[in-house]
J.: 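One structure, as structure tokens, below. Some questions next.
Keep in mind that this is a model prediction, so the values were computed, not measured.
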Amino acid sequence: EIAGEGTSAAEEERCACLKRWRDAAQAVATAAFLFTRLYLFTRVTFFEFWPDALAVLPTMAAGGARNTVRFLLGASAAFVALQFFWFGQIVQQVFVDKWLAR
């Protein structure tokens, strides 16, 4: 039941406390996502995987393996872009919508 009409003061306080915990947990999850998915994943992809893949690509014979490495380069870049999109969605839902709702 939503706090409001017909609820006791204790229930309203409990609801307010749970909202504070939710808000704190969302902020922590957003920070963890930022560090893990945006910083670490992007760093590993573009500064470790890509240089290695690009270094071996010219030495590979034309064919399946070379095309697979090219696909993985594109897929990893697309996945990094998806991480940034998801982060934007998190920021929108967790922060912007809450600030505008006040």
J.: CZ of Phe49 to CG of Leu54: how many Å apart, nearest 0.5 Å?
T.: 8.5 Å

J.: Check Pro58 against Ala55 and note the closest heavy-atom contact, atom names and distance.
T.: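 That closest heavy-atom pairing would be CD-O, 3.5 Å.
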
J.: Just wondering, more than 12 heavy atoms not from Arg14 lying within 6.0 Å of its CZ?
T.: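 It does not: Arg14 CZ has 12 such atoms or fewer within range.
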
J.: Any idea how Phe33 and Phe87 line up, ring-wise: parallel (<30°), tilted (30 to 60°), or perpendicular (>60°)?
T.: parallel

J.: Report whether Leu18 and Val28 are members of the same hydrophobic cluster (ILVMFWY, side-chain heavy atoms less than 4.5 Å apart, transitive linking).
T.: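 Looking at the clustering, Val28 is in a separate group from Leu18.
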
J.: Do Phe35 and Leu40 pass the side-chain contact (heavy atoms from CB on, under 4.5 Å) test, and can you show the C-alpha distance, the side-chain angles, and the key distance before you say yes or no?
T.: CA-CA 6 Å; Phe35 178 72; Leu40 289 178; 3.5 Å; yes

J.: For Gln26 versus Thr30, what's the shortest heavy-atom pair and its separation?
T.: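 That closest heavy-atom pairing would be O-OG1, 2.8 Å.
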
J.: List the steps and the verdict of salt bridge (Lys or Arg N to Asp or Glu O under 4.0 Å) for Lys19 and Glu12.
T.: CA-CA 11 Å; Lys19 286 180 181 179; Glu12 289 182 16; over 6 Å; no

J.: Set out, in order, the CA-CA distance, both residues' side-chain angles and the distance that settles side-chain contact (heavy atoms from CB on, under 4.5 Å) for Leu34 and Ile90, then state yes or no.
T.: CA-CA 10 Å; Leu34 177 70; Ile90 290 170; over 6 Å; no

J.: Does Val69 form a side-chain contact (heavy atoms from CB on, under 4.5 Å) with Arg66? I'd like the steps, not just the answer.
T.: CA-CA 5 Å; Val69 171; Arg66 187 176 191 148; 5.9 Å; no

J.: Under 4.5 Å between side-chain heavy atoms, hopping through other hydrophobics if needed: is there a path connecting Phe79 to Trp50?
T.: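 Phe79 and Trp50: one cluster.
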
J.: Say you draw a straight line from CZ of Arg43 to CG of Leu38; how long is it, rounded to the nearest 0.5 Å?
T.: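 That separation rounds to 13.5 Å.
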
J.: Looking only at heavy atoms, what is the nearest atom pair of Glu11 and Ser8, with distance?
T.: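 Nearest heavy atoms, Glu11 then Ser8: OE1-N, 3.0 Å.
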
J.: Is it true that Val44 and Leu72 fall in one hydrophobic cluster, defined by side-chain heavy atoms closer than 4.5 Å?
T.: no

J.: Using only atom types and a distance under 3.5 Å, with no angle test, would you say the side chain of Thr42 pairs donor to acceptor with the backbone of Tyr39?
T.: no

J.: Give, for atom SG of Cys17 and atom CZ of Arg22, the distance between the pair rounded to the nearest 0.5 Å.
T.: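 Those atoms lie 12.0 Å apart.
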
